[in-house]
Structure formats: structure tokens, C-alpha cells
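Everything below concerns the one structure shown next.
No experiment lies behind these values; they were computed from the predicted model shown. We use all heavy atoms of the structure for the numbers below, so side chains are in, but hydrogens, waters and symmetry mates are not. Along the sequence shown, residues are numbered consecutively beginning with 1.
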Amino acid sequence: FVGSEMCIRDRAMVGANAKLRIEHQETQLTITAADVARGYVHVAGASRFSVQTNSRAGYSLQFSPIGSLFASVQVDGLSNPVRLGPDGGAIVQRGTVMAELSHELSFRFLLRADAQPGTYGWPLQMSVRAL
């Protein structure tokens with residue numbers, strides 16, 4: 001093309017993604033006889049993490065149970081407390097995240113009726129998914 005200019009626009013489509021960076025995560029859950037008698041165990045500041053996403057819609061935190069220690073769990077530290085059942089669940093965080101957004105979560109595990117005192121592995125696995 002002599003004497004003329006040709007302009008090519010290249011537009012790449014980037015899929016929505018989200019990244020979870022764990023800063024602190026409890027590895028064990030200790031249940032005492034007093035916890036069993038009370039019916040729950042509360043763990044403050046059990047998880048500290050940040051999320052980074054390019055999704056304008058937001059992201060979803062997925063909580064998957066490991067074992068069957070609890071009947072339900074209340075998660076505190078996001079916009080509102082959320083109660084999840086024994087099968088875990090997802091908590092949706094809407095909106096654009098311009099920078100890494102840090103969170104600290106506390107958990108109140110409502111124990112199963114057959115719970116026994118002891119030290120167990122942490123009963124929840126957390127992951128993130130872009131919306």
C-alpha cells in the first residue's frame with residue numbers, strides 16, 4: 001500500500017476471572033465440651049484474604065464443607081452476615097472491584113447434635129469465581 005495508510009484494530013476478548021489470595025487461614029477447629037453443651041463454636045478472624053477480579057458483575061465466594069462437623073455456619077465479615085447449611089454454599093459480592101479487596105471473616109459453626117469435643121481439620125474450603 002504505497003502512499004496510503006491502513007489501520008487495523010485488534011480487539012481481544014478477555015474472559016472474566018477472579019483471584020483469591022489467602023493471607024491467613026485457620027487450619028484446625030477445636031471443639032470443647034463447653035462448645036458442645038452450648039451447641040456452637042465461634043472462631044473470630046479465622047480467614048483473611050483478598051480478591052482481585054476483572055468482572056464488572058462481581059464475584060462469588062464458594063464455601064465447600066470438609067467433613068460433617070456442623071449443621072450450619074454463619075459467616076461474618078462481608079456486607080451482611082450469611083448463614084450456610086451443611087452443604088456449604090456461595091456468597092455473591094456484586095460490583096466492580098478496582099483493586100484487591102481485603103476481607104477478614106469470622107465463623108460461628110452450629111454443631112451437629114452428635115458433635116464430640118476434639119481438634120479437627122478446618123471444616124471449610126474457600127474458593128472464588130468471577131460472575
Side-chain angles (χ1 to χ4, degrees):
F1 293 14
V2 177
S4 67
E5 289 184 22
M6 188 166 101
C7 181
I8 298 175
R9 289 188 185 215
D10 188 19
R11 186 178 284 183
M13 296 294 283
V14 176
N17 63 61
K19 185 170 90 172
L20 178 69
R21 186 170 64 88
I22 303 291
E23 297 162 10
H24 168 76
Q25 176 60 60
E26 291 290 334
T27 58
Q28 296 182 327
L29 178 67
T30 300
I31 300 173
T32 66
D35 296 331
V36 172
R38 188 174 48 242
Y40 69 87
V41 59
H42 182 81
V43 186
S47 298
R48 277 192 318 277
F49 62 94
S50 60
V51 174
Q52 189 173 24
T53 182
N54 66 350
S55 172
R56 291 183 180 153
Y59 60 92
S60 171
L61 288 171
Q62 311 288 320
F63 293 90
S64 303
I66 300 169
S68 56
L69 285 175
F70 59 90
S72 66
V73 59
Q74 180 174 307
V75 181
D76 295 307
L78 298 168
S79 52
N80 293 306
V82 176
R83 184 170 296 250
L84 303 173
D87 296 328
I91 300 174
V92 173
Q93 299 291 285
R94 296 271 179 209
T96 303
V97 177
M98 300 308 284
E100 276 191 70
L101 186 58
S102 293
H103 301 283
E104 180 173 289
L105 302 182
S106 297
F107 300 87
R108 179 172 289 205
F109 295 97
L110 180 64
L111 300 173
R112 290 173 31 132
D114 60 353
Q116 297 294 314
T119 300
Y120 302 90
W122 188 252
L124 282 175
Q125 180 177 345
M126 187 170 47
S127 60
V128 67
R129 182 177 61 83
L131 298 178

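- Once rounded to the nearest 0.5 Å, the distance linking CZ of R48 with CZ of R21 reads 11.0 Å.
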Cut-off 3.5 Å, no hydrogens considered: what does the side-chain donor-acceptor table look like for residues 76-88, sequence neighbours left out?
residue, atom, partner, partner atom, Å
D76, OD1, Q74, NE2, 3.0
D76, OD2, Q74, NE2, 3.2
R83, NH1, S72, OG, 3.2

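- Listed by first and then second residue, the salt bridge (Lys or Arg N to Asp or Glu O under 4.0 Å) pairs that reach into residues 109-128 are R112-D114, sequence neighbours excluded.
- Listed by chain and number, the residues in a side-chain hydrogen bond (donor to acceptor under 3.5 Å, both in side chains) with R38 are D35 (sequence neighbours excluded).
- The side-chain heavy atoms of S50 and E23, taken from C-beta on, include a pair separated by under 4.5 Å.
- Here the NZ atom belonging to K19 is positioned 11.5 Å from the CG atom belonging to N54, to the nearest 0.5 angstrom.
- Judged by distance alone, with hydrogens and angles left aside, the side-chain atoms of N17 form no donor-acceptor pair with the main-chain N or O of Q52 at under 3.5 Å.
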Tabulate below the donor-acceptor pairs under 3.5 Å that side-chain atoms of residues 124-131 make, not counting sequence neighbours, or state none.
none

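- Following chains of ILVMFWY side-chain contacts shorter than 4.5 Å, one can reach V43 starting from Y120, so the two form part of one hydrophobic cluster.
- The ring-ring contact (aromatic ring centres under 6.0 Å, His included) search around F49 returns H103, not counting sequence neighbours.
- Legend: residues meeting side-chain hydrogen bond (donor to acceptor under 3.5 Å, both in side chains) with Q62, ordered by chain and number and at least two apart, are S60.
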Is there a side-chain contact (heavy atoms from CB on, under 4.5 Å) between F107 and F70? Walk through the geometry before answering.
CA-CA 11 Å; F107 300 87; F70 59 90; over 6 Å; no
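- Residue I31 is not grouped with residue L110 when hydrophobic side chains (ILVMFWY) are merged at heavy-atom distances under 4.5 angstrom, including chains of intermediate members.
- Taking the six-membered ring for Trp and thresholds of 30 and 60 degrees, F109 and W122 have ring planes more than 60 degrees apart, a perpendicular arrangement.
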